[in-house]
Every structure is written in C-alpha cells, then in structure tokens.
2 protein chains.
Amino acid sequence: MPGLSNTALPLYEKVKDFVLDNIGNGNWPQNEKLPSEHELTSSLGVSRMTVHRALRELTAEGYLRRVQGVGTFVSPPKAQSTLIEISNIITEIKARGSQHRAEVILLERIERPDKMLLDAFEFKKLCPVDHSMVVHYENGVPVQLEERYVNTELVKNYLDQDFTSIGTYDYLQHSTPLTEVEHLISAIPATERHARLLHIRERDSCLVLHRKTWTGQTIATVNTFTYVGSRYSLGSRYLPPKK
Amino acid sequence: MPGLSNTALPLYEKVKDFVLDNIGNGNWPQNEKLPSEHELTSSLGVSRMTVHRALRELTAEGYLRRVQGVGTFVSPPKAQSTLIEISNIITEIKARGSQHRAEVILLERIERPDKMLLDAFEFKKLCPVDHSMVVHYENGVPVQLEERYVNTELVKNYLDQDFTSIGTYDYLQHSTPLTEVEHLISAIPATERHARLLHIRERDSCLVLHRKTWTGQTIATVNTFTYVGSRYSLGSRYLPPKK
DNA sequence: TGTCTATAGTTGTCTATACATCTATAGACA
DNA sequence: TGTCTATAGATGTATAGACAACTATAGACA
C-alpha cells in the first residue's frame, strides 16, 4: 500500500485523501469493509484519533458508513447528485445579464382570510394575512408571476415596502429567520388570469413552484411562483464534491 | 451562565447545544465573539478538545465563523436553503405505499444518431447510442414517461436488461460512476405521443425533467422524464440542521 | 440441538498534553 | 512620529491513553 502523500496538508487531510483515492481507483469497491482504525493507525503511522477524525469527516460527507462495533464501509455513490437549487428570480435574471423589472399587481391586507388560506397557514383562529402579487419581467417579457401570502404576526410592515425596487425575497429574508422550507413543483395549464398577466394564451403550460416557509413551528409565508413553461426552466448543474 | 444540559448526550453534543441555545435566545447576537476555547473549557468543565470539536462541527454546519489567532464568531443566518431533491420514480412510488409497474415501450440501439442527438452528447464522430422508453405506473395509472439515451462507450449491456424488474436508474448507477449531473425542469403541453402513453389529452400540461450525466469529461446519459402535471409534483421539505 | 455467555474486536467519546500557526498589540527603537 | 519586534492569546493539529458501547461469534452448557 502506497501510504500518504507528502504534500503540506494536515495529516487528517492526507488520511482522507488516502481513503478517497482507494475508493476512487476501485481498490476498495462499494460496501467494502475498510481496514479498522487500529490497522490504519499502524499501517499509516498516525495516531488513532487522526484516523478517527478523517473517517468521521468522510462519513459526514457521505463517503463512508460506520457501524459501532462492526466497522467502516464504503458507501454506495451518493444519490445526492440529484439536488436542484432554487434561486430567486431577480438574481437569476440579472445573472443572465438581462434587464429586470417588477410590476406590483396587488398589495393588500386580507383581514378575513377564507378557509383555504386559513388551512394553508394552519391557523386555528382568524388572523389577518398580507398578500402580494408581482409580475417579473426579463427584458420586457413577463417571466414569473409571484404571489405571496405572509403571516402578519411574524412579518411586520410587509405592505409598506416598494417591491419594484426591493425584492420581496430580500425583505422577507432579512426580516424573518426561517427554520424550514417546503417546495412543490408541478405543471398546470394557464388560467385566464395567468394568461392576462403573463401574456400567454389560456391553457398554455405553466411551471408552478409552491413554497411554504416556517419560522419555528409557525408558517411564515405561503408562496406560489408561476413560470411560463415555454420561456423558463428551473435548472442546476451539480458537481459532486470529488475530493 | 446556566451550563450544560444533563441529558444522556455526548459531551460535545451538549456543548453544541449550549452554543446554539446562546445564539438562539439572542444571548450571543450575530457577529458576537464567543468566549475563547480556553474560557469555555473552564466555565463548562470539559476538556479543550471537546470544546474544539463542538465548535469545529458548528463551523462546518455554518453557525460559526472561526479565525485562527483571533477567535470564534456567530455567523449571520444562513442563506435560505432552497434545494430540491430529485429521487427516482420507483423509490418514490414505493415510498408512498403504492404499487409500481413499468412498461417498456421501446429498447433499441441507434447506430446512426441524428444531428440533435449527436449535439446533445457533444459527439464529434458518429457513435451508436442506446435508447429506452419506459412508462411508470402508480397503482395502474401512468405517472411518468422515462426516455433515456445512453452512451454505449460508457455503459455496456444496457439493452440486455429487463427494465420491468430492474430500474434503469439502478442499472446505470451501478454500472457507471457519475461525476456531474445537470437538471432542467420545464413545463410543456402534451404531444400526441405523450397523450397516448400517459393516458391524458393532447395539450394537457406536463412537467418535464431533463437530466444529463457526465462520467469524467464525457456525457454518459441524456434523459427526459415527463410527468403528468395534474398527477404529480416534485417536492421536498427541507429541515435545516437546527440543533 | 439449541440457548446463553464470555470475549475479542471495532467504533465512540473524552482527557491531558504538546506544539504549530496565526493575529493583534504593546513596547522598544530609530 | 513611524517602524519593527517580541509576545500574549487565540485557534489548528497531533498524540497517547483510557474507558464506554456495541456486535458478532466461539465455546460452554443444558
């Protein structure tokens, strides 16, 4: 066995590299049992704590699986390479070098939310809810209809903001720490209202992203983002943390 | 200062909880400098290595920022984690307790791919490509049309598999280590073929997930998954590692 | 044969200690 | 006043040793 590289890295990093190399070149195939910490300690000439740290970190990173009393095993390749990151529309438009414009369609307080809305927030009693509807344009073409319902208990002054200059996202992120997020993506045919606001025809396909956010145990916001199917794709390119 | 909880947790976990509590209740606000490892060591009555491990892990989790020679600081709240995980359809259907069935529509080798396909693979020369089309049923109702094009240089024996019993995903994952994945989600109206295979009407909305995978610098597979918009949502609920 | 038990082997945690490395700063010096 | 330097104090790494907790199994025993 070749042993550790002689770069300037800390020892535990060299041990991690050593293990990753053995996995990468097929020396230790999937589900293979690694040498025990004790064996690695003597064969690599480092202390057990150092080996232990390396293996523990690789376990946290998903490369290994450890069972107390049994041993350390090579994990099957991560299914984690199937993550899609949702970024906010304004950042995204600007990142493409396009010009962004937002049009506020509606900004209101709903004092008496209907049953559907109360259920969405899992409210027991009648609570007011702030409501915004904004259309985002990329180079003058409507791309996204953003509809947000906001818990007025948790988010203050939501209605006083100028969402043509500040992103709703930016305001919410700074005003409310969120503890949990739920996403749902689906496809729907455009309603008459979608068609009017997004300049498409009724029944054209739209991509809908539902997002619910929590602060503590309480639902903070309920959001629906509707994208024009033919003009927009959610996307991501993911590079696994190879080494 | 109250000190550590007296639960059955390991000490370093208690130290982590202690720090998180102090951050959570505003005791240590954003960018506050924490007591030094030495101070925590004496005030909490644990060894420095234990304090160090707790702080190191909290740093990896994004709660703290450490600067050698200077100190440890409370990090600003994490950027909103907006990741969506794509799991494979068979796992998903079974996880819902539904019955899964796969119907292989087509399984063929394309000896002379057309220009669109060659471009998708970024092939310079003419290479054969394997092609599969499978419809996945949940409790007898079609949910997903799975279409895959596979690089025959990288994936062997693709056509010999029985994809009614093995998931295409499972076979590919075991046969080819993948180094990079690209996803694109969009919404399209159903074509006549979609309508026929998925038992919907033409122009009904479908959710389309494009996935391209790389092995090294080479494109290994090009995939299109078409979901019935009204029957399916991609989703995820993400729980930040709070505590 | 079947069941229980002691044990060897493995990982998990914790401590005490040492030295390395980096940063800010007080104080010497020009 | 300005610059350099030694130093205190902070985090980073590494070791040796001890004990705890868990698992599989060989071997004793009924």
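Just so it is clear, the model here is predicted, and its values are computed rather than measured. The chains referred to below are lettered A, B, ... by the order of the sequence lines, with proteins before strands, and numbering in each begins at 1.
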Q. Tell me, for nucleotides 8-13 of chain C in 5' to 3' order, what letter each nucleotide earns: B for a base near a protein heavy atom under 4.0 Å, S for only sugar-phosphate near one, - for neither?
A. -BBBBB
Q: Count the heavy atoms of every other residue, nucleotide or ligand shown that sit under 6.0 Å from CG of A:Asp119, and state whether that count exceeds 12.
A: yes
Q: Report the relative orientation of the aromatic rings in A:Tyr227 and A:Phe225; use parallel for angles under 30°, tilted for 30 to 60°, perpendicular for over 60°.
A: tilted
Q. How many angstroms lie between atom OG1 of B:Thr224 and atom CZ of B:Arg148, to the nearest 0.5 angstrom?
A. 10.0 Å
Q: May I ask you to check whether A:His183 and A:His210 place their ring centers less than 6.0 Å from one another?
A: no
Q) Are any of the side-chain nitrogens in B:Glu57 or B:Lys16 under 4.0 Å away from the carboxylate oxygens of its partner? A) yes
**Q.** Range on DNA chain D touched by chain A - first to last nucleotide, heavy-atom distance under 4.0 Å
**A.** D:dT13 to D:dT23
Q | Side-chain donor-acceptor pair present, B:Tyr158, B:Thr152, cut-off under 3.5 Å | A | no
Q. Among B:Thr59, B:Asn31, B:Thr72, whose side-chain hydrogen bond (donor to acceptor under 3.5 Å, both in side chains) with B:Arg65 holds?
A. B:Asn31
Q: Pick out which of B:Arg66, B:Arg53, B:Arg56 makes a salt bridge (Lys or Arg N to Asp or Glu O under 4.0 Å) with B:Glu37.
A: B:Arg66
Q. Based on Watson-Crick and G-U pairs with both distances under 3.5 Å, what dot-bracket line describes DNA chain C 5' to 3', crossing pairs as [ ] and inter-strand pairs as |?
A. ||||||||||||||||||||||||||||||
Q) Quick check: are there more than 12 heavy atoms from other residues, nucleotides or ligands sitting under 6.0 Å from NZ of A:Lys33? A) yes
Q: Taking all heavy atoms of A:Ala54 and all of A:Tyr12, pick out the closest pair and write down the distance.
A: CB-O, 3.6 Å
